[in-house]
Amino acid sequence: MADNDIALMAHLMRRAGFGAQYDEIVERADRGYEATVEELLNPTDESHGMNLDLAERSFLEWNHFIRAVPEYVMWRMINSRNQLEEKMMLFWHGILCTADSKTQSYVTSQAELDMLRKNGMGNFRDLLMEISRDPAMIYFLDNCLSHKDNINENYGRELLELFSMGVGMDGQFNYTEDDVKECARAFTGWTIGNNIPGQPYGRYPSQFVYNPSDHDEGMKTFLGETGNFNGEDVIDIIVKQPATARFISRHMYSYFVADEGGVPSWMETPPRDMDTIKMLEDVYFSSGYDLKAMLRALFNSDAFKEARFQRIKGPIESIVSTIRLAGDWTTPKPGFEIIFDEMKHMGQEILNPPSVEGWHTGKEWIDGGTLVRRINFTADYVGDLTQPGIQDLVQKLQSEGPVMSPVNLVDGCLRLLGCYELEPETRQMLINHADKSGDLPTGNPEFAGQVAQMLQMIVATKEYLYA
Amino acid sequence: MVTTEIAPITFEYSHTIGRQENRSGSGFFYPVDIAVSGKNQLSVISRGSETPAFFPCKRVTVFTVDEQLLQEFGQKIPPEEADENAPAGTFMWPTALTVDGKGNTFVADEWLQRITVFDKDGECTGTWGRQGSGEGEFNKPSGLACDANDDVYLVDSYNHRVQVYTGKGEFKFQWGSEGNGDGQFSFPWGIEIDYSGNVWVADWRNDRIQKFTPDGQFLMKFGSTGDGDGQLNRPTKMAVDKDGIIYVADFKNDRLQVFDAEGNFMTKLLGEATLSTWGRQRVMLDATIVKGREMAHNLHDREKLFHGPISVEVDDEGRIYVLECPRQRLQVYHKQHAIFGGGQL
């Protein structure tokens, strides 16, 4: 197996998933890059490889999803072999945002996240239809307060600005204030039923209701087209806009390839890689808005393959990939809330994005507090020699021979962490540090601790922040 | 009053007991098992939550059939203290309880890997058991039942077997292994001893029920995977009444299925829950809940349905108790014979 094949597979699994242990990377590389892409693009209920029924049996609150939704989501991210499915769920959760701080109904949020998982690699039109009928979204963006004689523009505005087209591209506005109003008129009557109170028997999932008597049946002019539009018609018009192709393409690029900057800047700031964006836009239209086709084209592109370590990992990516590396949480045990708290402290509390704009990504993930938190969390894990993944990593290094040089220690750790690359200066600093102990007998009891220390130093580097 | 007709038996809904009560008091918090603990008296073990603010949410609640709270005992322990040194009387992941003829309550905890015993006053009198796969050891106990001699039958779930202990925790014998053959199990859950002393096991991942003699000889089985009549999706517990009728908590199908003594499907109940006494007390404390219930769409049609029925129990009076984990309540039904019992025409 060529080293570059393994490094490329490690890159794919970091981006299209939440990283993988070295053995899985080698196993997937052995099966081939394109085959792995197809496997990731075509998840099934059977292919996730999780004993979900057994996990739900221990985490009884997951059953019927009354509580513990963040923990359930994290469990899937950590343990599912359908890594891209979970990654896409997180992708859309950061774009089609609702927040539990307002909705206050985990059971309804769970239904939304399931919908995002199910439709995340499907057709974009279907996804927009589903999110427009999603009770959590209808409540979060007040469409339940939008009536034919008194529209609330909130959902109509965000559907255009943050969910599908963006304010503008190539220096031009994509829509007008009138389009926002007409869009809102088209979605009048898309509401939710009055739900059963959470006491005394716990919460029930909220339900979508279409109320024709509260729908504005008047003529509307939207993005240059005129008719008695309902919500479905508006979505049909939205998905055929070039701006929508651009918007989705830039989001995909930013999430999977390289940080694109914040959405508000996209009107004036051109894509950093217009050729790849154009390629994605073409696939968007030629495939009939098929997200899977866009992802396939992206993962098989040179732009993706060459874009290693150009994205700062988000907190959830950082936490989940660390746990997967360590091999922790593969079986149920108490104390999952600590992981949930860690996400919060690092700035990415699942189910609670800071606003409808979602999380600000890239360098905005990092400040003094979150950086320390991230490094401490990661260093604690990779330095924990009770973790099966770390024990395995040590054993792999031991199996390379009776003595290990400082260079081989550094490079071996980098390789087994997922073919990480350091700046030459950083790498030399680590080698110099390892050199203080000279060549290491791998059979010595101290060897495992020396490996753990080196792993901790690597995860504290600037380079390790990137995926 | 809605009834479900079967010949020659009908089931009539009686009432609902419980409400969500996170900390303690008149209600449950993710209840997982129920036992008849006296005449007109029931005991429920709540699994609770690990959310730090909820204390002491893991507990045994003792109450009457007409919803009078009698007693509570046991309490949660934080995850970081949930190890072999956890104080007696504390729970991490309780799964099951049973009550012997002297009124002692036995509670299984699948994380602490032990059985905790409380006397009839709720005082903890000790713990027994240890993790392992040898005789007298178990891995994730998930079902408990006492026989007429006060021996304790225990479902050793992750070792795929049934074990029998004295009430003091002395190992007596065991049977079963992993598999789907007769007498084999796949992560079994609940256990029941019927009026004849025979043993019934909810063979959870095999989606079936198995029946054994008291010493573990295989007698019969029924059930298969699915959601059709007579099929099961992760059955958690069953109860057998004096007439041999079998009631199965069909957990993931959100229903109670009823079988005759030979395991033939008779009928299914989907739930008839109404507002319990404790529930009504909670509702009346908050005008917004009263208003919310008045406005709620399809309140009764949605609220009445079983949701996660996790355990079932019967008593000598012909009452059936169905415990619902996510709904923090139990529904009570009466079995009614169509056979004429005398009196006026």
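Bear in mind the structure is a predicted one, so any value in this text is a computation, not a measurement. Sequence lines set the chain letters: A, B, ... in the order given, protein chains first and strands last, and positions in each chain run from 1. Just the heavy atoms: all of them, side chains too, but no hydrogens, waters or symmetry mates, feed the values below.
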Is the count of non-hydrogen atoms from other residues, nucleotides or ligands lying under 6.0 Å from [X] atom [atom1] greater than 12?
| X | atom1 | result |
| --- | --- | --- |
| Lys291(B) | NZ | no |
| Lys102(A) | NZ | yes |
| Tyr139(A) | OH | no |
| Ile338(A) | CD1 | no |

If I measure from the heavy atoms of chain A, does [X] come under 4.5 Å with its side chain, its backbone, both, or neither?
| X | result |
| --- | --- |
| Trp278(B) | neither |
| Ser276(B) | both |
| Met295(B) | both |
| Glu110(B) | side chain |
| Arg293(B) | both |
| Arg280(B) | neither |
| Arg302(B) | both |
| Ile310(B) | side chain |

Exercise for the section: Below 4.5 Å from any heavy atom of chain B, which atoms of Leu54(A) appear? Answer side chain, backbone, both or neither. Expected result: both

Practice task
Measure Pro197(A) against the heavy atoms of chain B and call it side chain, backbone, both or neither at under 4.5 Å.
Solution key: side chain

Practice task
Give, for atom CD of Gln199(A) and atom CZ of Arg19(B), the distance between the pair rounded to the nearest 0.5 Å.
Solution key: 8.0 Å

Problem - Nearest-0.5 Å distance that lies between atom CG in Asn298(B) and atom CG in Asn195(A) - result: 10.5 Å

Practice task
Tell me, out of Leu275(B), Thr236(B), Val32(B), who's got the most heavy-atom pairs with chain A below 4.5 Å.
Solution key: Leu275(B)

Give the minimum heavy-atom separation between [X] and [Y], together with the two atoms involved.
| X | Y | result |
| --- | --- | --- |
| Ser58(A) | Tyr158(B) | OG-OH, 4.5 Å |
| Pro200(A) | Val283(B) | CD-CG2, 3.9 Å |
| Phe251(B) | Leu60(A) | CZ-CD2, 4.4 Å |
| Tyr201(A) | Gly18(B) | CE2-O, 3.6 Å |

Exercise for the section: Quick one: sort the His307(B) and Tyr204(A) rings into parallel, tilted or perpendicular, breaks at 30° and 60°. Expected result: tilted

Exercise for the section: Examine the side chains of Arg205(B) and Asn51(A) and answer whether a donor and an acceptor come within less than 3.5 Å of each other. Expected result: yes

Practice task
Give a yes-or-no answer on whether the side chains of Arg57(A) and Ser157(B) include a donor-acceptor pair shorter than 3.5 Å.
Solution key: yes

Problem - Student check: side-chain heavy atoms of Asp53(A) and Trp204(B) closer than 4.5 Å - result: yes

Exercise for the section: For residues Pro334(A) and Trp111(B), determine if any side-chain heavy atom of one lies less than 4.5 Å from a side-chain heavy atom of the other. Expected result: yes

Handout entry: Salt bridge flag under 4.0 Å for residues Lys252(B) and Glu56(A)
Key = yes

